[in-house]
Novice: 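Attaching a single structure in structure tokens format; questions to follow.
Throughout, a chain's letter reflects where its sequence line sits, starting with A, and its residues are numbered from 1. The basis for the numbers below is simple: all heavy atoms, side chains too, and nothing from hydrogens, waters or symmetry mates.
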Number of protein chains: 2
Amino acid sequence: MRQETRDRPRIADVAREAGVSKTAVSFAFNSPERLSPDTATRIRDVASSLGYRPHPVARMLTQGRTQTLGLLTPQALSVVFANPFFATFSQGVAVVAEEAGYALLFVSPVQGSLARAVNRATVDGFVALGLAEDHPEVEQIRRAGLPIVMVDSGAAFPEHPAVDVDDEGGARLAAEHLLSLGHRDFLVIGVEPPAPGDQAESGGVVGRRLEGYREALAAAGIDLPDDHVVVGPASVEGGSACLASAWENGRRPTAILAMSDAMAIGAIHAARRLGLRVPADISIVGFDDIELSRHVEPPLTTVHQPVRRKGEEACRLLLSAIARDSSFRPDHRRLETRLIVRGSSGPAPIGKEVAGGR
Amino acid sequence: MRQETRDRPRIADVAREAGVSKTAVSFAFNSPERLSPDTATRIRDVASSLGYRPHPVARMLTQGRTQTLGLLTPQALSVVFANPFFATFSQGVAVVAEEAGYALLFVSPVQGSLARAVNRATVDGFVALGLAEDHPEVEQIRRAGLPIVMVDSGAAFPEHPAVDVDDEGGARLAAEHLLSLGHRDFLVIGVEPPAPGDQAESGGVVGRRLEGYREALAAAGIDLPDDHVVVGPASVEGGSACLASAWENGRRPTAILAMSDAMAIGAIHAARRLGLRVPADISIVGFDDIELSRHVEPPLTTVHQPVRRKGEEACRLLLSAIARDSSFRPDHRRLETRLIVRGSSGPAPIGKEVAGGR
DNA sequence: ACGTTCTACTAAACCGGTTTGCTAAACCGG
DNA sequence: CCGGTTTAGCAAACCGGTTTAGTAGAACGT
């Protein structure tokens with residue numbers, strides 16, 4: 001209140017100084033054609049000599065729109081920005097938003113409350129990333145009359161536009177790839193929720209990928225017992241720890257299905273420390289296809305998902321929901337995944353398993 | 001205006017429904033102690049049954065603060081989010097902002113105009129990244145009475161709080177390291193401004209690093225002719241291209257000083273394609289120490305800068321500038337850099353240069 | 001010369017809240 | 001039972017703009 005208003009000139013100051021009404025000043029900025037050319041310029045001159053600029057908040061209030069899009073994440077920004085996946089997604093959203101003249105506000109829990117953050121947020125609509133199931137915030141946003149696009153939320157919220165990725169299919173591709181290389185003994189490395197009880201967020205994605213793995217293995221007559229699935233934090237270190245602890249518990253897989261590239265890379269490191277060659281002794285397949293994966297040694301075989309396009313599509317959906325003021329048919333979009341074979345996967349070692357698949 | 005207001009209940013609706021004044025409703029939310037306990041709860045009940053939430057913009061207007069911090073970048077968000085450096089920096093800013101209950105707004109040029117974006121931005125202050133020299137926006141912000149913290153702007157803007165990093169010193173360390181390994185023939189790979197004419201932004205950083213390289217080399221009696229400095233886009237591909245083209249032009253350095261890790265990694269790839277072993281035939285040192293550098297083969301020797309802490313410090317400075325409403329002594333902070341020796345640097349190949357340095 | 005249209009501008013209402021200043025009733029001590 | 005304090009709540013002003021509904025005067029047509 002203070003810093004802001006202390007010296008900042010108001011529209012009334014400009015009006016007085018220029019000897020016109022507030023209305024005239026407003027016109028000079030917003031619809032100059034309603035003023036005589038020289039009055040308009042004179043007003044603008046006075047304004048700029050006073051250092052006046054229309055107060056953006058006041059403007060928002062009267063115009064009823066903020067020209068800002070909210071990017072909603074159930075996790076704290078500290079964890080969100082640690083995730084390269086997120087940066088790429090944001091990039092997609094940002095490109096489209098920017099082009100349409102919208103600014104981007106990151107909305108994450110304020111003092112633990114996502115609801116409070118949503119209430120504070122001055123935006124024209126939300127893109128919600130990884131908000132699963134019946135998060136009450138979604139209903140809250142709907143009641144506020146703001147459009148919201150769900151990303152990676154599975155089939156939840158049919159009444160809102162949504163963008164998803166074929167996680168299940170991607171997982172199936174990864175598993176089938178390893179099966180076709182003759183692998184029969186698998187370890188799945190999964191992403192554990194950042195905070196306990198928070199399973200909602202990534203829960204959907206993790207569940208869908210696991211489902212995909214299971215399906216493909218089942219089709220080959222392979223069962224995946226629970227102790228062949230380990231979880232840890234979605235980081236390089238987390239991936240290392242997962243493989244290391246599984247190894248200690250006596251697991252001796254020839255192939256690893258990791259639900260995140262970071263974890264897969266961690267697993268490569270751990271394997272090396274265990275004296276295993278990748279892929280000669282053990283094959284590792286990741287998920288997401290982050291930039292890093294192309295550059296590690298060996299380059300990571302992984303399931304590519306169009307992360308950036310996901311952001312772009314979500315933003316486009318949101319913009320069109322904002323444009324049509326009536327709620328129109330909610331558009332659900334599902335993007336494809338595909339397998340990228342690089343160097344971290346190879347034939348199952350002979351002697352442990354015969355190279356059999358197909 | 002429409003979607004927003006159509007069905008959304010206003011404070012007056014709640015007041016009418018509850019049979020009280022607007023004031024009472026406002027009190028029920030903001031200073032319940034001024035109401036009798038049962039009136040307060042009754043009002044809140046009515047409010048929530050109507051699905052009322054105070055309009056955040058109206059609230060901003062009366063309170064004069066937005067509880068939002070702006071992160072100002074002269075580049076488009078699409079290029080900004082492509083940069084891992086930026087994600088880490090944002091993380092630092094976000095952690096501190098979040099803890100203080102502030103949201104984060106990304107402010108980048110709207111239709112090419114940073115000034116317009118700044119005007120639109122409803123924030124309590126700005127952290128400006130890489131805004132060099134006398135960008136007119138800075139003056140504009142100052143006149144609006146908003147605090148701004150400059151990051152990576154060198155000595156420009158002494159009247160504003162600022163956070164910098166010892167780029168020059170870091171560059172010197174990198175060069176000295178290679179000198180001590182006996183290298184005498186250098187190639188510097190620099191970052192070229194994303195858009196021509198935009199040199200302002202990274203210009204400062206690039207200049208300071210180059211200065212550091214030059215100083216260290218000069219101290220060893222080595223001159224760095226202009227054709228031993230090549231520039232390209234700050235990406236892996238850019239780095240590859242730089243080395244490749246320098247090689248074509250007949251340069252045969254034994255050591256490469258790259259101003260960004262991404263470019264250094266690109267240079268490693270290019271070197272390999274040229275049939276050179278790293279570091280046996282050629283040593284490569286990067287700058288920034290991004291996550292990726294630890295994981296490439298060979299692991300990259302680089303100059304570490306505390307990127308995340310940079311973000312944290314900047315945000316803290318901004319918060320304290322917002323808190324004290326009077327402009328107080330602008331705090332300038334300079335963070336240290338340090339050399340991280342990994343596998344991409346080694347003794348100069350014998351025969352080309354004797355291992356000489358000390 | 002007179003009614004009509006246009007031009008250039010204004011006063012007041014409005015957006016949706018918060019805050020100030022005030023009042024009526026309840027409470028309280030003597 | 002009475003003056004003074006406290007409590008609970010209200011009306012109106014305000015934040016800083018935009019927009020609506022007019023109005024005075026000039027230009028225009030006949």
Novice: Take A:Val138 and A:Leu131 through the test side-chain contact (heavy atoms from CB on, under 4.5 Å) and record every step on the way to the result.
Specialist: CA-CA 9 Å; A:Val138 177; A:Leu131 221 60; 3.7 Å; yes
Novice: For A:Glu312, which of A:Arg309, A:Lys310, A:Arg308 qualifies under side chain to side chain donor-acceptor pair (under 3.5 Å)?
Specialist: A:Arg308
Novice: Is B:Ser26 near enough to C:dT18 that one of its side-chain N or O atoms lies under 4.0 angstrom from OP1 or OP2?
Specialist: yes
Novice: Does OP1 or OP2 of C:dG17 have a side-chain N or O of B:Tyr52 closer than 4.0 Å?
Specialist: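 The answer is yes; a side-chain N or O of B:Tyr52 sits under 4.0 Å from OP1 or OP2.
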Novice: Can you measure A:Leu61 atom CG to C:dA13 atom C1' for me and round it to whole angstrom units?
Specialist: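 Interatomic distance, CG of A:Leu61 to C1' of C:dA13: 14 Å.
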Novice: Taking a pair as Watson-Crick or G-U wobble with both distances under 3.5 Å, which nucleotide is matched to C:dC14?
Specialist: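 Because both required distances fall under 3.5 Å, C:dC14 counts as paired with D:dG17.
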Novice: Between D:dC10 atom C1' and B:Ile43 atom CD1, what is the distance in whole Å?
Specialist: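 So the two atoms are 12 Å apart, to the nearest Å.
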Novice: Hey, are A:Asp45 and A:Arg42 close enough for a salt bridge, meaning a charged N less than 4.0 Å from a carboxylate O?
Specialist: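 No, no charged N to carboxylate O under 4.0 Å.
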Novice: For the pair made of CD in B:Gln63 and P in C:dG16, what is the distance, rounded to whole Å?
Specialist: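 The distance from CD of B:Gln63 to P of C:dG16 comes to 17 Å, rounded to the nearest Å.
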Novice: Nearest-Å distance, CD1 (B:Ile11) to P (D:dA11)?
Specialist: 14 Å
Novice: Figure out the CE/C1' separation between A:Met60 and D:dG17, and round it to whole Å.
Specialist: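 About 13 Å, once rounded to whole Å.
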Novice: Can you measure B:Arg16 atom CZ to C:dG16 atom C1' for me and round it to whole angstrom units?
Specialist: 14 Å
Novice: Give a yes or no on this: more than 12 heavy atoms of other residues, nucleotides or ligands lie within 6.0 Å of atom CD of B:Glu99.
Specialist: no
Novice: Between A:Asn30 (CG) and C:dC15 (P), how many Å, whole number?
Specialist: 18 Å
Novice: Could you check how far CZ of A:Arg53 sits from P of D:dT18, rounded to whole Å?
Specialist: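 Nearest whole value for this atom pair: 13 Å.
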Novice: Parallel, tilted or perpendicular, judged at 30° and 60°: which one describes the rings of A:Phe86 and A:Phe106?
Specialist: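 Aromatic pair A:Phe86/A:Phe106 classed perpendicular.
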Novice: Return the pairing partner of C:dG30 with a 3.5 Å limit on both distances, Watson-Crick or G-U wobble; otherwise return none.
Specialist: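 Its partner is D:dC1 (Watson-Crick or G-U wobble, both distances under 3.5 Å).
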Novice: Looking at C:dT18, I'd like to know if its phosphate oxygens (OP1 or OP2) sit under 4.0 Å from a side-chain N or O belonging to B:Arg59.
Specialist: yes
Novice: Would you find more than 12 non-hydrogen atoms of other residues, nucleotides or ligands less than 6.0 Å from B:Glu17 atom CD?
Specialist: no
Novice: List, with names and distances, any nitrogen or oxygen atoms from the protein found under 3.5 Å away from nitrogen or oxygen atoms belonging to nucleotides 6-10 of chain C.
Specialist:
{"residue": "C:dC9", "atom": "OP1", "partner": "A:Thr39", "partner atom": "OG1", "Å": "2.8"}
{"residue": "C:dC9", "atom": "OP2", "partner": "A:Ser36", "partner atom": "N", "Å": "3.0"}
{"residue": "C:dC9", "atom": "OP2", "partner": "A:Ser36", "partner atom": "OG", "Å": "3.4"}
{"residue": "C:dC9", "atom": "OP2", "partner": "A:Thr39", "partner atom": "OG1", "Å": "3.1"}
{"residue": "C:dC9", "atom": "N4", "partner": "A:Arg34", "partner atom": "NH2", "Å": "3.3"}
{"residue": "C:dT10", "atom": "OP1", "partner": "A:Ser21", "partner atom": "N", "Å": "3.4"}
{"residue": "C:dT10", "atom": "OP2", "partner": "A:Ser21", "partner atom": "N", "Å": "3.0"}
{"residue": "C:dT10", "atom": "OP2", "partner": "A:Ser21", "partner atom": "OG", "Å": "2.9"}

Novice: Between A:Phe29 and A:Tyr52, how do the two ring planes meet: parallel, tilted or perpendicular, split at 30° and 60°?
Specialist: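 A:Phe29 and A:Tyr52: perpendicular rings.
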